[in-house]
Structure formats: C-alpha cells, structure tokens
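What follows is a single structure, written as structure tokens, with notes after it.
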Amino acid sequence: MASSAGLIICRYCLSQQEDKLIPLQIVTDAVLTVQDVEEITGVQLSEDERQTCMVCDECDDKLNTWITFRTDCQQNNVRYRGLLVQLAASASTEDAGGEPATPHSPPTEPPTETPGTDTESIQPGSDDNSSGNEMETTSGTKEEKRQLAAKRKAARRRDAAKKKLCVTCGAMVMDLKQHERVHTKETPFECTHCGVRMSNSSNLLRHIDAIHLKRIIRTCQICGQGFTSHFSHRSHMRSQHRIGNLYECQLCKKTFIHHSAFRKHKLHLHTNDRKHVCTVCGTRWYTRNALVSHQRSHTSEQPFACSLCPRRFKTRYGRASHELTHSGVEFPCRHCERTFRFKTVRNAHERKAHPADLTQPDQAAAN
C-alpha cells in the first residue's frame, strides 16, 4: 500500500481545506485515544497513518461529541449499579423484618483526617567527645539535617490541615474558592489589553507580562537572549548551553534535560508499574497526572483555558497546540513560499510537492 504522507486531506470526510486540517497526533491524547477514533469511525489506521494523517475541524468536533456521550453513559452506569446495590440491600433488610434502608445517593469520599501531633522524637546527638572535633562536626550536621526534616514534615502537616474538601470532585485543596472555578468555569479576572478573561489572577498577571508587556526578567549571560519567566531561562540554559542539572538514567545511561522527561523515561521503559487505576473504566496508568488527564474523558471538565480567546481544553497539550494559532508561529516550506500552522502539515506538503528537492537530512526531518 502507498504511503499516506503525501495526502493533505481529512482522513474521514476527505476535505481538502488545508486551513482547517489538524494532524491526528494533535487531536488524540489521553482523553481521545487513537483506539477511540478507530472504534468510532470503524476505520483501522496503519502505523504510518497514525503519524501522518489529518483530521478537519468538523470531524474533530464529531469525535468529541461521541466522547462526551460515552462519558455520560459511563457515569450513569456507575450510578445505575449503585442504585441496584441499594435496592438489593433494602430488599434484604425487609426480608429480615427490619426497617427498610432509605435510598440515598452514592457516598462521597470522606474528608481527610487532620494529622495529629508527630510522636516521633528527635534523638539528641552523641555526647561522646572522645572522637574529637571531626566526630562532633559530623554529629552536628546529622542533627541539623534531622531537625530540618522534622520542620519540613511539620510544615507539610500544617498545610494538609489547612486543605479543604471539594464536594464536586473530592480533591483536597488549599484555595477552595479558586479550585471551584475549575468546575463553575467562572472567569472574574479580565485582561485590560485584550479582554481575555481568566479564573486565576496570578495567571492573568503572567499573561500580561509575557504577552503584552514582553517584560524580560532574566537574560542569558552567554548569548544575550531574554526570557519572560525563570522557568524558560533555566530550560534554555540546560538545552542550549548544557548548564544546570542533567538527569542520567542509571540503567541505560541516557541523559535528560528535564526531570519530568527523565521520570517518564524510567516509568515507560524500565518499569511496568501502572498503579493508578481509573475508578470508572478500570484502565491503569503510570502516573497520577496521566490518570487525572484520562478521567476528564469521563466528565465535561475543560480546565485549560486559552490565554487569548474563550476556548477551553481538557489537556495542556491541546491548549498549547491551539495557542500556536494565536502566536503567529508559522512553519515555512523550505522549497517554496507557502507557510503552515503545523510542522507536520509542512512536512507532508514537502513530501508531496517537493520530493525531488528533499535532501537526506530533510527526509529524516520530514518523517
């Protein structure tokens, strides 16, 4: 079978409006998986098609509508099973001659118990001075570390005691009012420059500094590039100048710039510990974040708001991909004057329109 890399059309409705096409890799995530798409459409995709094919905006909306319907069915199924259990319990009580049980809604998670006082005592350092000053210094250092660890533990417990229960999702949070805006979609904070509204005042300030004021808070001392956040500066120093903490896998000696990438590498390649289980459908996940992201497929929650328009998304990746359309970032064809919103669309165009012009490195980059 011929490769699909040269076709720039919607895989499902065959639309050729390139400005409305989105790579399937962007459409699919932990919420809407490739397996979901194949089940909905009845079309089995080859590995090549999964990497290169496109989906139009209208087909993307239809896929998300199906996911919402499936989510409602799964949630109602859980409620239905709970009602059956209550009905059976009520019938058993009546058969035993007791009072019938009063039906009630499925119980919510009990609030987390407030941690008590730490009963662990810190052992005093050794009073034996026979080992000299060096032993005293070592003992004092260990004692300081124990005291610091005890202070940190006490601080964590104080923070845990301040957390409040969200009755909507069961999460324990420090700022309940702020967290509830995730469920109510309330956006009380408005940008005075562009009118975009946000649910968090701190996010609004960062939006104004980075998007409108372009305020530079850190500058690379090596190349002079400016940055609007400390995080982007640290990432630049590690990736461009190899300055900062690198993370090395002790099993395969591969190094990583970011700790998150290092952690994912260990989980996916060197372990099979999927200990995070979805209570609705039973699927298992490597990390709690992956589970939380997946669980949004069972709800209508869209906590990630675009900083430049009212659209909201279920995943950070979906929001980041969308925000590229506002940033003006474009990927120009390396052989003609055409430009594209997505790099994958640009690569597909080059393979189709300029196959003879692709050098060996270009072909590797376009695959």
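The first residue of the sequence shown is numbered 1, and numbering continues consecutively from there.
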Practice prompt. Kindly determine whether His193 and His207 satisfy side-chain hydrogen bond (donor to acceptor under 3.5 Å, both in side chains), including the steps that lead there.
Written response: CA-CA 10 Å; His193 297 269; His207 159 79; over 6 Å; no
Separation between [atom1] of [X] and [atom2] of [Y], rounded to the nearest 0.5 Å:
X	Y	atom1	atom2	value
His294	Cys278	NE2	SG	3.5 Å
Met54	Leu14	CE	CG	14.0 Å
Cys191	Ile208	SG	CD1	4.5 Å
Cys53	Ile8	SG	CD1	13.0 Å
Gln295	Lys314	CD	NZ	12.0 Å
Arg215	Thr228	CZ	OG1	11.0 Å

When you measure from the side chain of [X] to the backbone N and O of [Y], does any donor-acceptor pair fall under 3.5 Å?
X	Y	value
Arg346	Pro332	yes
Arg319	Cys306	no
Arg312	Gln302	yes
Glu350	Arg334	yes
Arg197	Thr187	yes

[Y] and [X], any side-chain heavy atoms less than 4.5 Å apart:
X	Y	result
Ile222	Ile243	yes
Ser235	Ser232	no
His349	His354	yes
Glu38	Leu45	yes
Gln240	Cys223	no
Cys220	His241	yes
Cys13	Glu58	no
Lys352	Pro355	no

Practice prompt. Determine, step by step, whether Arg81 and Leu83 satisfy the side chain to side chain contact (heavy atoms under 4.5 Å, CB included) criterion, reporting the C-alpha distance in whole Å, the side-chain angles of both residues, the deciding distance to 0.1 Å, and the verdict.
Written response: CA-CA 5 Å; Arg81 298 297 181 189; Leu83 291 174; over 6 Å; no
Looking only at heavy atoms, which two atoms of [X] and [Y] are closest? And how far apart?
X	Y	answer
Cys10	Cys59	SG-SG, 3.7 Å
Cys249	His265	SG-NE2, 3.6 Å
Ile216	Thr219	CG2-OG1, 3.8 Å
Val182	Pro303	CG1-CB, 3.9 Å

Under a single-linkage definition using a 4.5 Å side-chain heavy-atom cutoff for Ile, Leu, Val, Met, Phe, Trp and Tyr, are [X] and [Y] assigned to the same hydrophobic cluster?
X	Y	answer
Val167	Val173	no
Leu291	Phe304	no
Tyr247	Met237	no
Met198	Ile211	no
Tyr12	Val345	yes

Worksheet item: So does Lys254 pair up with Glu248, basic N to acidic O under 4.0 Å?
Response: no
Discussion item. Using a strict threshold of under 4.0 Å (side-chain N to carboxylate O), is an ion pair present between Glu49 and Arg11?
Written reply: yes
Fill in: Aromatic ring pairing Phe262/Phe256, orientation class (parallel under 30°, perpendicular over 60°, tilted between)
tilted
Fill in: Residue Lys177 excluded, over 12 heavy atoms near NZ under 6.0 Å
no
Fill in: Working for side chain to side chain contact (heavy atoms under 4.5 Å, CB included), residues Phe331 and Arg338
CA-CA 9 Å; Phe331 298 93; Arg338 294 193 60 181; over 6 Å; no
Worksheet entry | Chi angles and distances behind the side chain to side chain contact (heavy atoms under 4.5 Å, CB included) call for Thr283, Val277 | CA-CA 6 Å; Thr283 54; Val277 184; over 6 Å; no
Worksheet item: Please walk me through it: do Cys166 and Leu176 pass side chain to side chain contact (heavy atoms under 4.5 Å, CB included)?
Response: CA-CA 7 Å; Cys166 173; Leu176 181 60; 4.0 Å; yes
